[in-house]
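Below: one structure in structure tokens.
Values below: all heavy atoms of this structure, side chains included; hydrogens, waters and symmetry mates excluded.
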Amino acid sequence: MHEWALAEAIIYTVTEIAEREQFKEVSRVNVKVGELQQVDLEIIKFALTQLKRGKLKNTEFRIEPVRARLKCRICEYVWDFNKNELDEEVAEAIHFVPEVAHSFIKCPNCGAQDFEFVEGRRMYIESVSGVR
Amino acid sequence: MHEWALAEAIIYTVTEIAEREQFKEVSRVNVKVGELQQVDLEIIKFALTQLKRGKLKNTEFRIEPVRARLKCRICEYVWDFNKNELDEEVAEAIHFVPEVAHSFIKCPNCGAQDFEFVEGRRMYIESVSGVR
Amino acid sequence: MLDPRIKAIEHRLSQVKNIIAVSSGKGGVGKSVVSSILALILSKKGYKVGLMDLDFTSPSTHLILGIKGLFPEEKEGIIPPTFEDIKFMSIVYFSKDKALSLRGQDFSDSFIEILAITKWNKLDYLILDMPPGINDATLDVIRYMRKVKFIIVTTPSILSFSTVKKLIDTLNTLKIEIIGVIENMKSDQTYSIGEELGEVKAKFLGEIPFDPELEKCFGNTKMLLTTKFSRELEKIVNEIRM
Amino acid sequence: MLDPRIKAIEHRLSQVKNIIAVSSGKGGVGKSVVSSILALILSKKGYKVGLMDLDFTSPSTHLILGIKGLFPEEKEGIIPPTFEDIKFMSIVYFSKDKALSLRGQDFSDSFIEILAITKWNKLDYLILDMPPGINDATLDVIRYMRKVKFIIVTTPSILSFSTVKKLIDTLNTLKIEIIGVIENMKSDQTYSIGEELGEVKAKFLGEIPFDPELEKCFGNTKMLLTTKFSRELEKIVNEIRM
Ligand SMILES: Nc1ncnc2c1ncn2[C@@H]1O[C@H](COP(=O)(O)OP(=O)(O)O)[C@@H](O)[C@H]1O
Ligand SMILES: Nc1ncnc2c1ncn2[C@@H]1O[C@H](COP(=O)(O)OP(=O)(O)O)[C@@H](O)[C@H]1O
Ligand SMILES: [Mg+2]
Ligand SMILES: [Mg+2]
Ligand SMILES: [Mg+2]
Ligand SMILES: [Mg+2]
Ligand code: NI
Ligand code: NI
Ligand SMILES: [Zn+2]
Ligand SMILES: [Zn+2]
């Protein structure tokens with residue numbers, strides 16, 4: 001599960017922010033996870049519990065999914081990403097590197113592969129709150 | 001003056017919008033012009049007066065400048081574009097194709113040429129209002 | 001936040017009959033030499049020709065043709081300067097041959113900008129010298145020049161041909177016309193791409209041998225036109241009646 | 001909207017002693033062959049070597065080395081599969097050799113993604129096979145791998161060398177270390193870049209002749225290592241003590 005590596009990335013980043021902001025303790029972190037990558041939120045949460053320590057010992061991590069939407073650059077059609085329409089190998093490839101979607105997914109309206117991820121491509125840290 | 005070509009671009013686009021929105025007449029168009037390109041607003045305004053016709057005959061064009069700001073991708077420093085610091089040939093090149101700024105401008109903080117235009121790169125139409 | 005330049009492009013290209021992108025996916029296969037000499041050949045035949053160098057970070061066509069000291073005239077837009085009857089546009093007018101590192105987004109923005117303000121007027125052929133890769137340049141040409149047709153250049157190498165197959169796939173998916181594939185830098189030892197082309201949906205246009213005299217003629221269009229390279233390319237042009 | 005992947009990259013590369021980007025600006029000059037064989041040579045000398053193919057739209061190193069049927073293991077991240085002792089990463093694991101057209105922004109995002117999750121562990125050398133152009137790939141390698149050093153490949157052509165000069169300029173501006181310049185595909189007729197290098201600030205590392213036997217050895221690393229190409233590259237490697 002490379003979810004572990006993503007959880008580590010969150011820990012590294014929040015730890016740095018805690019230093020920079022001179023937090024004694026980080027109380028809450030809001031993380032958004034784009035559905036394109038089909039990250040298993042339960043695994044991320046579990047990994048975070050295992051990895052958190054020091055100033056992050058008591059941090060509450062709120063992990064929320066963001067629906068993945070794609071937009072065709074040719075015809076401007078917008079659609080939802082649906083994992084179930086893909087075969088397993090392709091879904092796995094997109095799980096690792098979402099951009100390879102450009103090899104496998106086409107605009108349902110015009111067939112072009114020149115689309116952008118409007119939202120829900122990747123994971124990001126929305127906010128970090130702590131006690132000084 | 002290639003300002004004329006830019007004014008034409010505005011006219012073409014607003015004309016199309018007027019058709020699509022089924023306006024009988026376009027009353028007002030707000031245009032923002034990024035300062036990076038050093039477009040002469042008076043010439044644009046003059047060109048628009050010369051070019052407007054049909055549904056655009058009575059249109060009021062409001063053209064406003066937007067300060068150009070650059071941001072270094074390496075050190076995150078943000079600075080204002082200042083035409084006066086450039087020699088004339090370079091300013092002219094940027095006037096035509098703003099991206100060639102990457103050949104001539106460096107981050108004042110770290111010297112990198114990997115910067116983005118935060119705002120004020122180019123011209124855009126902010127709004128078009130009309131009578132149906 | 002409507003970008004008025006997009007609509008302008010349509011108008012600027014309305015009198016251009018044929019847009020031909022010389023592309024490959026792979027670098028160093030001869031796209032720039034083919035584009036430059038193709039422009040010369042078509043112009044010599046009496047067509048109105050434009051040549052646009054889209055390899056912004058390593059422009060070559062001005063070096064091949066020996067174009068120096070030109071700058072576009074500013075007149076209700078910009079008028080591409082003429083070099084031996086060819087209307088020629090290149091980023092070097094503006095980057096002054098200094099290093100230019102551009103991210104994809106910057107490529108797109110400068111591409112759109114140049115197209116929106118350049119007045120080609122009437123052209124029979126606008127030849128585009130494409131950069132390597134299947135990237136913003138490829139996608140933007142397709143996006144903003146819907147009538148573009150592709151000539152694809154490959155060498156007789158698996159490395160080149162594997163990329164070319166992908167480009168052909170991409171173009172087929174997008175329903176973009178492919179005029180065909182030119183096999184460049186053939187030598188005796190190498191196997192023939194022509195035979196392998198059967199499996200992909202593109203026409204084989206012919207081959208151009210490796211020509212050790214080619215580079216010596218850079219900068220001199222008269223000499224360029226007498227090279228074996230040019231003679232072979234002209235044969236191909238005569239056959240395809242673009 | 002903080003991207004947690006950026007900070008992770010630092011950690012993932014912390015045990016990598018040297019990162020070497022094999023670059024050019026120009027395409028088709030031999031970057032992929034040099035990267036592949038450089039990785040083989042360093043690995044044979046007993047170093048821990050990683051090879052990462054950054055030419056996402058036309059990956060070549062797996063074809064040169066003959067790498068097939070590998071897929072990274074998923075274990076608290078992804079572990080690059082090993083091929084003849086070289087840890088090998090390429091987009092082909094994920095794109096399955098299908099056509100992949102990527103805009104610059106997409107390149108950046110996949111580059112960051114792969115770096116953030118790949119566990120190289122201890123490496124003496126991580127070799128990067130760069131795509132052509134001076135674009136997102138070049139800029140991102142510099143941005144996210146501050147200790148990267150460049151080996152620049154050119155051919156003895158003005159078209160290639162003019163781009164290489166620009167790349168050297170760009171790297172100098174950014175204060176990035178340039179190990180030096182390799183002149184590839186030398187033949188008798190061609191003039192020497194070595195002499196022209198004086199004017200730019202980069203060391204001349206040596207030349208590799210055009211080797212008509214090279215391509216026949218693709219896919220077979222034993223044979224690759226016996227080519228004239230490899231022997232000349234090895235001489236260069238021995239001299240520079242990277
Ligand atoms: N048929 C040929 N014979 C000899 N040299 C060639 C031939 N075609 C191209 N070249 C040389 O190969 C190199 C790559 O050509 P170029 O047109 O720059 O390729 P690209 O534009 O695809 O990168 C140049 O040095 C060019 O002079
Ligand atoms: N020294 C050489 N002798 C013969 N062929 C070469 C030599 N170097 C490179 N090649 C061939 O030239 C082409 C371009 O090489 P490649 O490594 O793919 O370049 P790049 O990665 O710079 O695009 C390939 O077909 C390769 O096999
Ligand atoms: Mg191309
Ligand atoms: Mg070229
Ligand atoms: Mg490069
Ligand atoms: Mg390569
Ligand atoms: Ni996973
Ligand atoms: Ni002007
Ligand atoms: Zn579409
Ligand atoms: Zn900076």
Side-chain angles (χ1 to χ4, degrees), chain B residues 1-17 19-20 29-34 36-37 39-40 43-44 47-48 50-51 66 73 87 89-105 112-117 119 121-128, chain C residues 1-14 52-54 56-59 69 71-81 89-121 136-137 140 144:
Chain B
M1 278 303 108
H2 85 288
E3 274 78 354
W4 194 272
L6 299 175
E8 282 175 343
I10 297 173
I11 296 287
Y12 297 147
T13 308
V14 175
T15 304
E16 195 191 49
I17 293 171
E19 287 308 323
R20 196 195 315 139
V29 175
N30 286 322
V31 178
K32 299 276 188 193
V33 180
L36 185 62
Q37 224 176 336
V39 164
D40 190 323
I43 300 183
I44 290 260
L48 287 170
Q50 301 298 302
L51 289 165
V66 179
R73 284 205 178 86
D87 73 52
E89 232 186 45
V90 169
E92 191 191 27
I94 294 175
H95 167 62
F96 288 115
V97 184
E99 281 67 35
V100 298
H102 288 96
S103 291
F104 303 106
I105 296 179
Q113 294 185 312
D114 185 13
F115 51 76
E116 59 187 310
F117 305 117
E119 57 172 353
R121 182 230 170 269
R122 60 178 171 84
M123 189 177 78
Y124 61 92
I125 297 175
E126 199 183 32
S127 65
V128 175
Chain C
M1 293 259 303
L2 249 169
D3 186 348
R5 300 173 304 171
I6 308 301
K7 190 77 198 156
I9 294 176
E10 224 178 282
H11 288 257
R12 303 298 173 230
L13 296 174
S14 62
M52 186 170 184
D53 195 324
L54 290 183
F56 292 168
T57 69
S58 56
F71 195 79
E73 190 193 344
E74 211 177 343
K75 202 181 139 199
E76 305 191 357
I78 65 180
I79 315 287
M89 273 303 284
S90 168
I91 195 94
V92 294
Y93 295 144
F94 312 112
S95 61
K96 320 279 177 199
D97 219 31
K98 286 201 59 166
L100 180 60
S101 48
L102 289 183
R103 287 181 177 273
Q105 180 57 56
D106 293 320
F107 172 89
S108 280
D109 253 327
S110 21
F111 175 70
I112 293 171
E113 192 76 37
I114 294 174
L115 284 186
I117 61 179
T118 303
K119 302 216 159 165
W120 296 102
N121 288 318
D136 298 79
D140 282 336
Y144 297 114

Exercise for the section: Sort Leu102(C) into side chain, backbone, both or neither according to what part of it lies under 4.5 angstrom from a heavy atom of chain B. Expected result: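 The side chain, not the backbone.
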Exercise for the section: Can you tell which part of Tyr93(C) gets under 4.5 Å to a heavy atom of chain B, answering side chain, backbone, both or neither? Expected result: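 Tyr93(C) has no heavy atom closer than 4.5 Å to chain B.
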Problem - Non-hydrogen atoms of Ile78(C) and His2(B) that approach each other most closely - result: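 For Ile78(C) versus His2(B), the nearest heavy atoms are CG2-CB, 4.1 Å.
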Handout entry: Leu6(B) versus Glu113(C), closest heavy-atom pair with distance
Key =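 Nearest pair, atom of Leu6(B) first, then Glu113(C): CD2-OE2, 4.1 Å.
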Exercise for the section: Check the pair Glu74(C), Phe96(B) against side-chain contact (heavy atoms from CB on, under 4.5 Å), reporting the backbone distance first and the verdict last. Expected result: CA-CA 10 Å; Glu74(C) 211 177 343; Phe96(B) 288 115; 3.4 Å; yes
Handout entry: Close side-chain approach of Ile17(B) and Leu2(C), heavy atoms under 4.5 Å
Key =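 Side chain of Ile17(B) against side chain of Leu2(C), heavy atoms only: contact under 4.5 Å found.
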Practice task
Taking the side chain as every heavy atom from C-beta outward, state whether Lys98(C) and His102(B) have any pair of such atoms under 4.5 Å apart.
Solution key: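 Answer no - side chains too far apart.
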Exercise for the section: Check step by step if side-chain hydrogen bond (donor to acceptor under 3.5 Å, both in side chains) holds for Glu116(B) and Gln105(C). Expected result: CA-CA 10 Å; Glu116(B) 59 187 310; Gln105(C) 180 57 56; over 6 Å; no
Practice task
Nearest 0.5 Å please: distance from the CG atom of Asp3(C) over to the OG1 atom of Thr13(B).
Solution key: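 Rounded to the nearest 0.5 Å, the CG-OG1 separation comes out at 8.0 Å.
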Handout entry: Any side-chain heavy-atom pair of Phe56(C) and Val100(B) under 4.5 Å
Key =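 A side-chain contact under 4.5 Å is absent here.
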Handout entry: Side chain proximity check, Glu92(B) to Phe71(C), heavy atoms < 4.5 angstrom
Key =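 Glu92(B) vs Phe71(C): side chains touch.
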Problem - Which portion of Ile114(C) sits near chain B, non-hydrogen atoms under 4.5 angstrom - result: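 Contact with chain B is through the side chain of Ile114(C) alone.
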Problem - Rounded distance (nearest 0.5 Å) linking atom CG of Asp109(C) with atom CZ of Arg122(B) - result: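 So the CG of Asp109(C) and the CZ of Arg122(B) are separated by 5.5 Å.
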Handout entry: Other residues, nucleotides, ligands: >12 heavy atoms within 6.0 Å of Glu89(B) CD
Key =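 No - once you tally the heavy atoms of other residues, nucleotides and ligands closer than 6.0 Å, there are 12 at most.
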Problem - Contact check, side chains of Lys96(C) and Phe104(B), non-hydrogen atoms, under 4.5 Å - result: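 Yes, close enough: below the 4.5 Å cut-off.
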Exercise for the section: Work out which heavy atom in Ala9(B) is nearest to a heavy atom in Pro4(C); give both atom names and the distance. Expected result: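 Heavy atoms only, the tightest pair is CB-O, 3.4 Å.
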Practice task
Identify the two heavy atoms, one from Gly77(C) and one from Ala5(B), that lie closest to each other, and give their separation to 0.1 Å.
Solution key: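 Smallest heavy-atom distance, with atoms named: CA-CB, 3.5 Å.
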Practice task
For residues Ile11(B) and Lys7(C), determine if any side-chain heavy atom of one lies less than 4.5 Å from a side-chain heavy atom of the other.
Solution key: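 With C-beta onward as the side chain, the pair stays apart.
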Practice task
Kindly indicate whether the side chain of Asp114(B), heavy atoms from C-beta on, has any atom under 4.5 Å from the side chain of Arg103(C).
Solution key: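 Yes, at least one pair of side-chain atoms sits under 4.5 Å.
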Practice task
Fit a plane to each ring of His11(C) and Tyr12(B), take the angle between them on a 0 to 90° scale, and name the class: parallel (under 30°), tilted (30 to 60°) or perpendicular (over 60°).
Solution key: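 Rings of His11(C) and Tyr12(B): parallel, as their planes differ by under 30°.
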